[in-house]
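So the structure is just underneath, and the comments pick up after that.
Atom set for the values below is all heavy atoms of this structure, side chains included, hydrogens, waters and symmetry mates excluded. Throughout, a chain's letter reflects where its sequence line sits, starting with A, and its residues are numbered from 1.
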Amino acid sequence: MTASPAAAQALPRATAGAYLDAVGRARALGPLIAASADTVEKTRRIPEPLLTELHNSRLLRLSLPRAFGGEQDTPMAYFRAIEEIARHDASIAWNMFVANSTVLIAPFLEPEIARAIFTNPRTLMAWGPPNACRAKAVVGGYRVTGRWDFASGCRQANWMGAHCNVEEADGSLRLNRFGRPTVRTLLFPVAQANLLDTWNTIGLRGTASDSYSVHDLFVAEAYSSTREDPDLRRVPGPLYAFTMQGLYAVGMAGVATGTARAMHEAFIALASKKTPRGLGLLAASAAIQGEVARNQAKLDASGAYLDATLAAIYAAADEQAVISVADRGRVRLACANAVQAAIEVADAVYKSAGVDAIFPGSPFERRFRDIHTMSQQIQARSAHFEAVGQILLGHPPETFL
Amino acid sequence: MTASPAAAQALPRATAGAYLDAVGRARALGPLIAASADTVEKTRRIPEPLLTELHNSRLLRLSLPRAFGGEQDTPMAYFRAIEEIARHDASIAWNMFVANSTVLIAPFLEPEIARAIFTNPRTLMAWGPPNACRAKAVVGGYRVTGRWDFASGCRQANWMGAHCNVEEADGSLRLNRFGRPTVRTLLFPVAQANLLDTWNTIGLRGTASDSYSVHDLFVAEAYSSTREDPDLRRVPGPLYAFTMQGLYAVGMAGVATGTARAMHEAFIALASKKTPRGLGLLAASAAIQGEVARNQAKLDASGAYLDATLAAIYAAADEQAVISVADRGRVRLACANAVQAAIEVADAVYKSAGVDAIFPGSPFERRFRDIHTMSQQIQARSAHFEAVGQILLGHPPETFL
Amino acid sequence: MSYNGTPIMHAEPSVISQAATTSGQAGALERARRVAEKLRAGTRRIEDERALPPDLLEAMHEARLFRLLLPTSIGGDETDLLTFVQVTETIAAADASAAWCLGQGSGCSMTASFLKPDVAQRLFGPRNAVLAWGAGVQGTATAVDGGYRVSGQWSFASGSRHATMLGAHCKIVEANGQPRLNAAGKQADCTALFPRAKAKVRDVWDVMGLRGTGSDTYEVTDLVVPADETLDREGMDKVVVKSTLFRLPTTIIYAGGFGGVMLGIVRGTLSDLRAIAMTKTQRGASSSMRESQVFQSDLAKMEARFRAARALLHTTVSDVWTDMHAGRALTLDHRINVRLASTHAINEGVDIVAEAYRAAGSNAIFRQLPFEQRLRDAHSVSQQVQGRPTHYMTVGRHLLDLAPDTMMFL
Amino acid sequence: MSYNGTPIMHAEPSVISQAATTSGQAGALERARRVAEKLRAGTRRIEDERALPPDLLEAMHEARLFRLLLPTSIGGDETDLLTFVQVTETIAAADASAAWCLGQGSGCSMTASFLKPDVAQRLFGPRNAVLAWGAGVQGTATAVDGGYRVSGQWSFASGSRHATMLGAHCKIVEANGQPRLNAAGKQADCTALFPRAKAKVRDVWDVMGLRGTGSDTYEVTDLVVPADETLDREGMDKVVVKSTLFRLPTTIIYAGGFGGVMLGIVRGTLSDLRAIAMTKTQRGASSSMRESQVFQSDLAKMEARFRAARALLHTTVSDVWTDMHAGRALTLDHRINVRLASTHAINEGVDIVAEAYRAAGSNAIFRQLPFEQRLRDAHSVSQQVQGRPTHYMTVGRHLLDLAPDTMMFL
């Protein structure tokens with residue numbers, strides 16, 4: 001075994017063989033992504049030819065139903081492909097995650113509408129998380145005015161979405177079958193939205209997760225749907241038996257572990273050549289050796305756990321029925337664990353890299369900022385552990401997705 | 001999902017289906033082991049009918065070659081079966097681990113000798129780790145005087161072993177092919193040893209890991225062998241392509257995670273009924289919920305990681321050649337990670353269980369002492385992380401096994 | 001060296017707020033150090049007998065350790081809070097059970113300040129006077145002529161085996177069977193004191209750690225106790241002795257004292273760990289423990305965490321004492337600060353002890369070395385109410401300007 | 001409130017070892033508090049300009065903050081060590097870059113004690129005098145008539161943008177090209193001081209955190225410096241001013257000061273965190289942050305770790321000062337104790353800041369709130385030599401009676 005980042009990379013990914021296709025395509029894009037990473041951060045846009053290559057790789061459509069021109073790949077392939085992209089640039093991986101998340105609305109649309117939207121092979125959809133905005137129900141559709149934040153990927157999107165509560169003509173809020181105000185997703189071409197340049201953050205700057213607003217916009221009923229009731233979906237298959245929140249968690253886990261893996265690999269390379277002032281070679285330090293191994297174990301264990309969890313649930317999933325609350329808890333737990341492991345590894349690597357790590361251009365500085373932006377995202381919240389704990393203790397939260 | 005320890009137990013063990021046989025037999029013994037646990041600790045002996053049932057289950061021969069009447073099962077089955085036994089009593093699991101470790105000398109013996117020793121279906125072998133003792137080479141064999149400690153299982157053993165350096169007739173030490181003093185293992189019936197009652201420890205009291213001595217004992221050449229050179233083995237098969245130290249690590253990992261799993265399950269049961277003075281129900285505390293989920297993730301992730309690691313290496317292992325140093329590092333890392341996770345979970349559970357945990361008879365007190373005895377064993381040492389780190393950093397330790 | 005209770009690696013604590021301390025305290029710490037040597041030598045006996053053997057108990061009485069928090073008017077020391085915390089640490093570095101008994105006995109002895117001087121003298125005057133009691137209002141005191149008729153059962157009475165007196169926390173019931181109400185209209189309680197011989201004590205104390213505390217269960221039935229040998233623990237206004245010490249509630253005493261106990265266990269463990277590291281090479285290790293860079297680093301980290309937790313507890317109790325001694329009132333801030341410092345010392349402490357135990361390697365599992373006992377002791381201290389992680393929540397509420405969820409431990 | 005630099009949740013530190021401190025110090029801390037408010041309001045400008053803007057620099061000079069460690073004989077404060085540590089904390093709670101410049105500038109200003117009084121007055125007398133330098137002996141000083149001819153390049157010169165003087169650590173070479181040896185037969189070094197204008201300063205300071213320190217690179221070529229404007233930093237015997245402060249080596253000053261910087265970042269972060277918790281409810285959360293039991297508990301744990309690390313640093317530097325002030329020599333124990341307390345403060349501190357950042361939720365990633373800057377600043381302080389985890393090993397060796405692996409940071 002020789003001293004190189006490859007050594008770390010070569011450690012077993014239990015079931016990786018099965019997903020070689022998507023992962024292999026992701027790996028092939030690695031050098032181009034790495035070469036574009038500075039530009040992506042600086043311009044907060046994905047430059048050509050990278051954007052075209054990403055479309056060609058079909059990695060932005062892994063979760064889109066085959067019926068609408070997507071890959072409809074497994075969640076295991078999805079996780080490992082995102083992880084591979086994130087090894088080269090976290091912002092690109094994040095936008096890949098977002099692209100594969102917004103397409104999850106497709107199974108809830110009327111098929112002809114979905115086909116119309118996604119017939120363009122470069123269709124990308126973006127939106128921000130729900131807030132208190134309301135759309136008014138009008139004849140044939142909805143009329144909406146509002147603003148949303150955190151719309152990652154909007155700078156490459158040709159379609160936008162907006163999650164709204166629905167206000168009926170009489171001023172009352174429309175309720176869903178659970179008796180709570182419904183959240184309806186309205187879709188419209190990006191030209192109808194006003195994109196606002198607000199994304200001034202510590203990291204993931206390349207995602208351009210800007211804000212956007214619309215004013216008195218009409219959206220036809222057919223271009224709207226709701227994600228809140230898994231039973232309303234129209235496309236069968238085990239992939240869609242997973243909940244949308246669950247697949248979000250899987251994608252986010254991949255971004256986090258890929259970023260941490262890249263830092264870990266870069267640190268192994270650094271340790272073999274760095275001798276800090278007044279000390280010996282980093283690689284010769286027993287403390288560093290122990291830490292490198294622990295980091296490797298954290299990444300590989302959390303990955304194997306997520307692989308195994310997804311594979312078991314996927315294998316047993318019904319074509320139609322959504323997976324059980326217990327299974328949702330398993331997905332959530334394995335994802336939260338992976339994100340947690342990634343953050344811990346990134347922090348440990350950063351600390352051990354010393355003063356090298358604070359300079360832009362090092363393999364650590366941007367990734368450190370990126371992972372500490374991810375760590376604040378809702379998918380990384382430690383409250384997920386509490387929710388899963390409630391399931392394990394026999395009292396699942398009421399609307400656990 | 002209902003509130004019960006079963007909830008935790010039912011979480012996916014990715015590949016458990018494949019090993020149902022050994023794990024199933026282990027599970028069937030659970031109630032009898034649990035019922036005997038107090039006696040095992042108090043008397044430091046395995047009582048009947050438990051001892052006979054253990055023999056009948058063939059769980060003490062999982063690692064013995066089929067050619068000599070063993071099961072020669074997979075390391076994955078071995079890990080999960082020990083883990084299952086440890087859920088009920090750690091000392092029994094420990095002795096199961098020891099029984100399956102000492103039989104790993106069998107592939108290094110002349111087949112007829114191995115067959116003779118193991119033809120008795122109740123044969124159990126015990127020994128303590130090597131120390132500075134020397135055996136003198138004499139005509140036809142060796143003559144030895146010495147004392148060894150930590151001989152777990154010696155109270156049920158009918159055969160004992162002793163690891164010795166060999167002193168030639170001229171007073172020089174015999175060297176092995178690596179140029180270092182050889183360590184030879186001498187085997188003899190237990191009646192020829194003097195067992196010493198020295199095992200007064202905080203935990204794992206039931207293992208009776210006593211000391212023993214022999215005085216001027218003659219052992220014939222054929223009843224000796226060496227474990228130090230994997231190339232000397234005479235039995236093919238992927239199981240034996242793993243190093244002995246590696247399989248020790250697997251067994252120890254199973255004892256640790258099974259013990260921690262039992263504490264975790266017991267805590268879930270406790271949390272649903274305990275209301276500490278001045279507080280609400282434990283299960284209703286967000287902090288407890290989060291901790292339960294984290295513990296579940298630690299146990300499941302470390303288990304899935306070890307499963308995946310063993311399965312990948314087993315699948316690729318040669319019938320004859322020993323696995324590579326890189327693979328040995330993977331086994332060691334996954335095992336060390338599992339032990340570490342188990343200790344962390346046990347500590348967290350113990351702390352959260354409050355004053356209940358300090359009373360004998362609670363599901364926590366003995367297991368806490370047991371796991372803190374394991375934590376001191378050589379397999380649980382954090383130096384393993386450093387050794388694996390050296391491999392990852394491209395400088396494997398010289399004699400890594 | 002490490003085994004006879006003398007700390008090796010820790011410099012003497014800096015004496016903080018010297019000006020505010022009372023006289024005689026240096027003597028208390030010095031006396032404690034001398035007793036600690038004997039206790040260290042006898043720690044195995046304490047554990048095996050699950051109580052303080054007579055000679056060690058006598059040594060503690062000889063050093064007047066159970067008199068630290070008694071009024072000077074009846075021959076007590078009235079030490080300041082920091083000295084008390086340092087004494088419990090010093091004793092716990094030798095034997096945690098003895099220190100626990102001392103902490104508990106000292107807390108109980110604060111009752112003397114509630115009693116009429118002659119009664120206090122009668123009950124607490126004898127040189128071997130020790131009061132013990134079990135937790136909670138578990139009994140009934142029925143008003144009778146000149147006192148109460150007391151019945152009930154109490155558990156976890158640490159130190160009950162060497163106590164000369166037991167206490168009984170009771171609800172008060174009038175002769176006619178009606179509950180007595182206090183000024184706030186709630187059930188009135190009292191604590192009745194009586195000679196240990198009057199109670200039926202049952203030996204139930206078979207536990208993992210702190211085995212030497214003999215925290216038994218006891219009961220009395222229809223025992224008549226004179227009114228002046230009872231007191232109302234909640235009524236700080238009824239305290240007779242008005243000096244600084246007796247303006248402190250016992251929650252502060254327990255928080256400080258049991259924090260000190262944990263710090264002592266840590267100090268003893270680190271001292272033992274250093275001692276074995278000076279000579280030991282672990283099987284298969286490439287260097288001696290002493291020469292291992294990882295061990296050196298881990299030891300220093302443990303030392304830093306210990307010193308930091310200790311510095312916080314010391315400065316916190318010292319600040320409280322300084323304010324009280326200057327005549328200021330005890331504030332909620334004071335209570336919160338002590339709660340946080342004590343909870344932190346206990347939680348950090350048990351983690352450090354567990355880490356040190358692991359670092360000590362395979363010898364640590366045997367009873368011949370002190371590690372396994374210290375591990376068991378630390379993990380028993382941490383399970384007691386003073387170590388509860390939920391105290392962090394109580395403190396957090398205060399930091400966020402919310403009212404405490406409970407005053408029980410403040 | 002949290003954004004203007006006034007801490008909310010932290011009681012004023014207890015004044016430890018009051019007796020040993022010099023006069024005028026309360027004034028220093030009070031002046032620092034007033035400047036802190038201005039710095040807090042200007043923190044965005046400091047970061048964007050990667051230097052202290054003129055008005056803020058002037059406010060620091062007005063408050064005489066760069067004169068804390070100058071001799072009283074030339075109008076300095078000669079503050080005690082604890083006050084210095086508290087001032088750096090106070091400033092860092094407002095802006096870490098300003099505090100870092102203060103720590104570095106104060107350490108450099110200790111050179112005044114090596115200079116002849118009239119030279120010290122000439123160089124450090126002006127109210128805006130600030131010396132900065134880069135790390136390491138990177139230049140050559142060739143002996144010439146009456147002084148040295150200096151050439152070389154130095155990096156990481158924190159505060160170089162507002163410095164009036166720069167320093168250059170050089171090997172001394174004789175006029176004949178031979179290296180000059182010191183009494184021990186080793187290469188002799190000197191530090192030459194000269195006006196900033198004489199050097200060529202290059203703006204290279206584009207980093208993740210502490211962006212406002214402007215830690216540039218500078219070089220000089222064949223600059224002649226008079227002998228009395230040079231000094232030998234290693235020669236503590238050559239110190240001219242003999243008071244307590246100047247008997248301390250700068251390693252102690254840096255360890256204390258940068259420990260204080262990290263504590264200030266932590267204090268500011270926790271204060272900010274508390275402020276947003278008072279109003280924020282996270283998306284999808286069942287209760288407000290303030291009402292969340294988990295948040296309450298985590299906040300108190302962070303607070304406890306902060307207070308403990310701070311109590312350790314304060315008591316440690318205070319003990320050292322007390323001993324030195326009493327005329328005792330600085331011992332290896334003192335050095336080790338300060339090293340451990342400072343390393344612990346920095347390592348605990350960065351962990352607490354990272355945890356607080358995470359607890360603050362998604363708003364924390366935006367530049368509009370202070371969290372992301374504090375995270376970057378803390379993670380830059382921790383990367384500097386004072387925060388190195390290997391210091392734990394150095395301390396561990398001492399605890400195990402082994403000689404230090406290096407004296408460089410002791």
Under a 4.5 Å heavy-atom cut-off, does chain A meet the side chain of B:Ala334, its backbone, both or neither?
->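 B:Ala334 has no heavy atom closer than 4.5 Å to chain A.
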B:Gln340 versus chain A, heavy atoms under 4.5 Å apart: side chain, backbone, both or neither?
->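 For B:Gln340, the contact with chain A is made by the side chain alone.
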Where [X] and [Y] come nearest, the two heavy atoms and their spacing:
X	Y	answer
B:Ala304	A:Ala308	CB-CB, 4.2 Å
A:Ala293	B:Leu392	CA-CD1, 3.8 Å
B:Gln289	A:Glu386	CB-O, 3.4 Å
B:Ala301	A:Asn337	CB-ND2, 3.7 Å
B:Ala283	A:Leu393	O-CD1, 3.9 Å

Report the option among B:Ala286, B:Ala338, B:Ser285 that has the most heavy-atom pairs separated by less than 4.5 Å from atoms of chain A.
->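 Ranked by contacts with chain A, first place is B:Ala286.
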How about A:Gln296 and B:Leu333: do any of their side-chain heavy atoms sit closer than 4.5 Å?
->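 The answer is yes, as the side chains (C-beta and beyond) meet within the 4.5 Å cut-off.
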